[in-house]
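Below is one structure, written out as structure tokens; the observations come after it.
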Number of protein chains: 2
Amino acid sequence: MIKASGPPQIAAWRLMLETHADLMERFEVVFRDSHGLSLTEFDTLINMPPDTPIRHRDLVQSLVVTRSALSRLLRRFEERGIVTQTADVDDQRGIRVALTPEGVELREAAAKSNAEVIFSAFSGLTVEEADTLYELVSKIRPEGAGTES
Amino acid sequence: MIKASGPPQIAAWRLMLETHADLMERFEVVFRDSHGLSLTEFDTLINMPPDTPIRHRDLVQSLVVTRSALSRLLRRFEERGIVTQTADVDDQRGIRVALTPEGVELREAAAKSNAEVIFSAFSGLTVEEADTLYELVSKIRPEGAGTES
DNA sequence: ATATTATTGTTGACAGCGCAACAATCTGAT
DNA sequence: ATCAGATTGTTGCGCTGTCAACAATAATAT
């Protein structure tokens with residue numbers, strides 16, 4: 001709501017921060033109320049292949065949590081009947097995580113909710129504007145070869 | 001790095017998510033290593049008036065934490081000599097939080113780091129592009145008057 | 001004045017995360 | 001074959017957050 005003041009870069013980033021926070025809060029409410037999932041749990045679920053077992057090692061690479069957090073999260077999923085975990089026959093160190101039928105169902109329902117929230121939030125933008133937004137955001141470089149020199 | 005596929009709204013949001021995560025990680029490292037601050041602590045510090053005491057009640061409104069978290073965070077700040085807390089003479093329920101000189105200094109230094117990271121990340125965009133980005137992001141409506149009708 | 005209600009900040013209990021240490025297992029050099 | 005080193009997932013611990021209950025104080029109604 002606050003009109004842009006100061007450097008436009010900072011104004012843009014502030015607005016992105018605020019928008020991110022608002023949308024994430026919306027996701028959190030929807031996932032919790034509709035599916036009993038936290039944001040981390042949703043992210044984990046969505047990154048699991050619906051048909052193929054996956055190793056912790058491979059799954060954790062798509063996520064923002066540590067191995068230990070994933071280990072505990074998957075135990076919770078196991079207790080809820082969302083996944084099964086079995087030793088990998090080829091590599092006895094590994095665990096193969098597979099979605100149960102309930103897990104697949106939950107994953108699909110959550111993905112649908114996710115898309116609905118996004119389309120709802122983006123309903124004020126045309127397709128062209130969404131493309132432009134994509135292009136502009138892709139120019140932001142966190143590891144920016146910065147301000148030096 | 002992944003080329004946009006599927007609906008552009010979802011592609012744009014995914015990219016925003018990823019960019020947000022990358023930049024936040026960068027902030028986290030900078031604040032921790034340079035100033036010994038977590039993201040929450042930085043946010044709190046930056047939202048404190050440099051010259052005027054502020055009540056918990058008022059400060060918490062600018063933040064994304066609960067009263068209890070703020071209460072504990074401010075105690076940590078107090079122990080580090082960053083703030084002082086004194087009872088409000090007008091309202092005995094209230095606490096007036098004020099930055100110490102060290103706190104003011106830390107706040108300024110952290111704000112400077114913050115701006116540097118932003119400018120660095122946005123160095124690939126022109127000012128006009130940053131303005132356009134602002135305009136497009138402002139069209140995203142979390143509480144979107146959605147997809148209905 | 002007095003009783004009821006709202007507010008403000010703190011505390012206890014608990015949940016989830018990261019880090020470091022660990023045991024089990026695999027890999028690769030010799 | 002054997003042994004040093006890397007990989008993989010789990011666990012203990014501490015930190016930080018939320019939620020619910022609480023005590024102290026202020027505001028409001030009667």
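Residue numbering restarts at 1 for every chain, and letters A, B, ... go by the order of the sequence lines. No experiment lies behind these values; they were computed from the predicted model shown.
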Between [atom2] on [N] and [atom1] on [X], what's the gap in Å once rounded to a whole number?
X: Leu59(A); N: dT8(D); atom1: CG; atom2: C1'; answer: 14 Å
X: Arg67(B); N: dA24(D); atom1: CZ; atom2: P; answer: 17 Å
X: Gln61(A); N: dG9(D); atom1: CD; atom2: C1'; answer: 14 Å
X: Asp91(B); N: dA23(D); atom1: CG; atom2: P; answer: 19 Å
X: Arg57(B); N: dG9(C); atom1: CZ; atom2: C1'; answer: 12 Å

Do the side chain of [X] and the base of [N] come within less than 3.5 angstrom through a donor-acceptor pair of N or O atoms?
X: Arg93(A); N: dT7(D); value: yes
X: Arg72(A); N: dG12(D); value: yes
X: Ser68(A); N: dC19(C); value: yes

Verify the neighbour count for atom [atom1] of [X]: are there more than 12 heavy atoms of other residues, nucleotides or ligands below 6.0 Å?
X: Arg55(B); atom1: CZ; result: yes
X: Arg14(A); atom1: CZ; result: no
X: Glu25(A); atom1: CD; result: no

Between Asp90(A) and Ile95(B), which residue's closest nucleotide on DNA chain C lies nearer the 5′ terminus? Ile95(B)

Starting at the 5' end of DNA chain D, which residue's closest nucleotide do you reach first, Val65(B) or Arg96(A)? Arg96(A)

Checking Leu45(B), Thr44(B), Asp43(B) against Asn47(B) for side-chain contact (heavy atoms from CB on, under 4.5 Å), the one that qualifies is Asp43(B)

Which nucleotide, dT8(D), dA26(D), dC19(D), lies nearest any side-chain atom of Gln92(B)? dA26(D)

